[in-house]
Amino acid sequence: MSSTACCYGDNDRERKLRKVKRAARSELSNSKGDWYKHGYAQSDICNTAGIEDHIPRIYWKDLSREEFVERFERPRIPVVITGLADDWPASKNWTPDRLRHLYGEHKFKVGSDDEGYAVRLPMAWYFDYMSDPLHGGRDDSPLYIFDGTFADREGSKSMRKDYEVPFYFQEDLFRYVGEKRRPPYRWLVMGPARSGSGLHIDPLATSAWNTLLAGKKRWALLPPGTPRCHVLPREQGVEREAVSWFSTVYLRAKKADWPTAQVVDLLQAPGETVFIPGGWWHAVLNLDDTLAVTQNYVSGANFERVWKHTRKGRPKMSQRWLGALEQERPELAAKAHDLTNREDLECDTGSSSDSSSSSSDSSESSDSESSSVSNTRQRAGSDAKTRVQACTSECKETFKA
Ligand SMILES: O=C(O)CCC(=O)C(=O)O
Ligand SMILES: [Fe+2]
C-alpha cells in the first residue's frame, strides 16, 4: 500500500503530527530520537526467513459452520480460513488511493493519551506518516490505526458496508446488551512495517476473527493457561510494543529451556482470516503496509467462559446482558444462572474445583481489572499505556535473555 508522495515540509502539519505522536506515546517523547533509538527499521525484524507456519488453511467452502464449531471453535484451536473476503467490496475498493479520496479528511484513532482520550489523525495524514522516512518509515514501532468506532462515526461508517461478518461468526451474543452499551467489538486496523499489537489476550475471554486485506502480518500465539509472568515479564527492555516483544520474549520462547508452552508461528497473507479462540495469547507484527478488519464475538461455544469473565469484570453490564438473554435466549440465561450459582457455592465452601476459571483468572486474563473491552484493546494495541500485572507467586522465576 504505497501512498502518494508527501513530505512534511509544511511546518504547521509537522508540528501537529509531533503533537499527536507525543500525546499517543508520551513515554517516547523525552528526547529527540526516542522514537527510533532501537534502530528496528534497519534491523531484520520483518524478515520471516526460517519462521515455520503450521496452522492449517481451510477454504471456506470446505468448512461448514458445524465443522468449524466442532473442529476449531469448541476445542479452541486457531485456524486460518481462506476465501471469505473474496467478494467483499473492501477487497477491491480499499486501495490507498480510494481510501485517501473517500476518507482522507476523516480522523481515525491512532492511540490514546495519558488520560485515556483517543488520539486521532486524518487518514490522509496517516498515509503520509506511514511512508515518511522521518516518521513511520523510521519509527521503531510506528503509530497504528486501531479504530473501534469507524463503523459508528459519520465520516467512516460507510466502510462497514464493504465487508461482511463471515458466517462462522455471526451469532454475536453481546448484541443483546444493545449497540450503545455492548463492549467495543469491531476495529479497522491499518499500519506499516513494525507497527502491531503487543502480546495480549482478548478481553472478556471473547474470540476473534481478523481478515487481512493488504500486506502481511506475523503472529505469535501461546495457548490458554500460559503464565503471564513468563510471556510478559516485568523487566526493563521488555515493552508491550509488538516489535519489542518479538525482539525479546519471543526469542527466549524459542530456546530449549523455555519453561512453558511453545509459541505457535503464523504468517498471514492478504485474503486470509485468522480465527483466535478466546484465552489465547497473541502478538502481531505488521511486516509491511497492512490493512485489516477484526471483530470479537461471543457464541454458544465460548459463552460460558465469557459469562464468567463478564460477570466479574463488567458486573453491571453482565446483569443487563442476563436480563436480555432471559427474554431472547432463555436456555443461555439458564446456563448463566447455573454457572453463577456454582461459582457462588464454590466461594462459600472455599472449593476451587473449576481449574479453568482459576487458571484464567490468574494467568489468562486481565478482565477483572479492566473497565472495558476497549481499554483492554487499547492496552493490547500499539499504545503502550499498559499496567502490567504482577506475577503470581508460583511464577516468580526470572529469565535471562
Ligand atoms: O491485527 C492486529 O494488530 C491484531 C489485532 C488484535 O489482536 C486485536 O484486535 O485484539
Ligand atoms: Fe487480539
Side-chain angles (χ1 to χ4, degrees), residues 1 21 24-25 27-28 35-48 51 53 55 78 80 108-112 119 121 126 129-131 135-148 187-203 208-222 231-232 237-251 253 263-270 272-274 276 280-294 296 376-386 388:
M1 218 196 308
K21 290 178 77 169
R25 304 266 180 83
E27 74 281 6
L28 288 183
W35 277 78
Y36 48 92
K37 61 178 179 240
H38 295 294
Y40 289 134
Q42 287 79 48
S43 77
D44 63 357
I45 188 74
C46 290
N47 180 344
T48 55
I51 294 172
D53 174 348
I55 302 274
V80 173
F108 289 83
K109 183 174 169 188
V110 294
S112 311
V119 177
L121 266 184
Y126 185 75
Y129 163 81
M130 287 205 312
S131 60
H135 286 293
R138 176 171 74 174
D139 291 343
D140 286 327
S141 176
L143 293 174
Y144 196 20
I145 289 188
F146 211 100
D147 193 312
W187 287 264
L188 178 81
V189 191
M190 177 171 144
R194 300 180 310 287
S195 62
S197 298
L199 191 81
H200 66 283
I201 293 174
D202 281 353
W209 56 271
N210 182 311
T211 301
L212 186 58
L213 295 159
K216 288 197 202 70
K217 283 179 186 283
R218 171 182 176 188
W219 296 67
L221 311 169
L222 286 139
V231 293
L232 281 180
V238 180
E239 291 144 25
R240 277 291 275 280
E241 302 296 324
V243 72
S244 163
W245 188 87
F246 276 99
S247 317
T248 53
V249 182
Y250 175 86
L251 298 178
V263 184
V264 178
D265 289 302
L266 162 54
L267 295 170
Q268 185 185 18
E272 292 188 331
T273 298
V274 176
I276 311 108
W280 277 77
W281 292 97
H282 49 287
V284 182
L285 183 71
N286 293 312
L287 300 173
D288 49 20
D289 290 353
T290 63
L291 176 61
V293 284
T294 178
N296 277 50
T376 308
R377 277 276 183 163
Q378 282 165 12
R379 290 208 301 276
S382 60
D383 13 344
K385 309 265 180 329
T386 58
V388 181

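For this chain, numbers begin at 1 and follow the sequence in order.
- Of the options Arg194, His38, Arg25, a side chain to side chain contact (heavy atoms under 4.5 Å, CB included) to Ser141 is made by Arg25 and by none of the others.
- Annotation for Ala41 and Gly137: closest pair CB-O, 3.7 Å, computed over non-hydrogen atoms.
- The OH atom of Tyr40 sits 12.0 Å away from the CZ atom of Phe246 when rounded to the nearest 0.5 Å.
- Within the 3.5 Å criterion, the main-chain N or O of Lys109 finds a donor-acceptor partner in the side chain of Asp147.
- The minimum heavy-atom distance between Pro192 and Pro142, with the atom names listed, is CG-CB, 3.7 Å.
- In this structure Asp140 satisfies the salt bridge (Lys or Arg N to Asp or Glu O under 4.0 Å) test with no other residue, sequence neighbours excluded.
- Within the model, atoms CG of Leu266 and CG of Asp53 stand 5.0 Å from one another, a figure rounded to the nearest 0.5 Å.
- Looking only at side-chain heavy atoms (C-beta outward), Ile55 and Leu221 come within less than 4.5 Å of each other.
- Rounding to the nearest 0.5 angstrom, the gap separating the CG atom in Leu291 from the CG atom in Leu212 is 8.0 Å.
- In this structure, Thr248 OG1 and Glu241 CD are separated by 11.5 Å, a value rounded to the nearest 0.5 Å.
- No side-chain donor-acceptor contact under 3.5 Å links Thr211 to the backbone of Thr273.
- For Lys21, the NZ atom sits in a packed shell: over 12 heavy atoms of surrounding residues, nucleotides or ligands are nearer than 6.0 Å.
- Checked by atom type and distance alone, the side chain of Ser244 never pairs as donor or acceptor with a backbone atom of Arg240 at under 3.5 Å.
- For Val119 against Ser112, the heavy-atom pair with the smallest separation is CG2-C, 3.8 Å.
- The aromatic rings of Phe146 and Tyr144 lie perpendicular to each other, with more than 60° between the two planes, well past the 30° mark.
- Among the candidates Tyr129, Tyr36, Trp35, the single residue satisfying the side-chain hydrogen bond (donor to acceptor under 3.5 Å, both in side chains) test with Asp139 is Tyr129.
- Tyr250 has its side chain within reach of Arg218: a pair of non-hydrogen atoms, C-beta onward, lies under 4.5 Å apart.
- Side-chain N or O atoms of Trp245 include none that pairs as donor or acceptor with a backbone N or O of Leu232 at under 3.5 Å.
- Considering every non-hydrogen atom in both Tyr126 and Leu143, the closest pair reads OH-O, 2.7 Å.
- Atom OG of Ser197 sits about 7.5 Å away from atom CG of Asn286, to the nearest 0.5 Å.
- Phe108 meets the ring-ring contact (aromatic ring centres under 6.0 Å, His included) test with His106; sequence neighbours excluded.
- Using a 4.5 Å heavy-atom threshold, the side chains of Leu188 and Val293 count as touching.
- Using a 4.5 Å heavy-atom threshold, the side chains of Asp202 and His282 count as touching.
- When side chains are defined from C-beta on, Ile276 does not count as touching Pro78, because their heavy atoms never get closer than 4.5 Å.
- Counting all heavy atoms, side chain and backbone alike, Cys46 lies closest to Ala193 at SG-CB, 4.2 Å.
- For the pair Leu199/Val249, no side-chain contact is recorded, criterion being any heavy-atom separation below 4.5 Å from C-beta on.
- Checked options Asp288, Asn210, Leu267; the residue passing with Lys217 is Asn210 (criterion: side chain to side chain contact (heavy atoms under 4.5 Å, CB included)).
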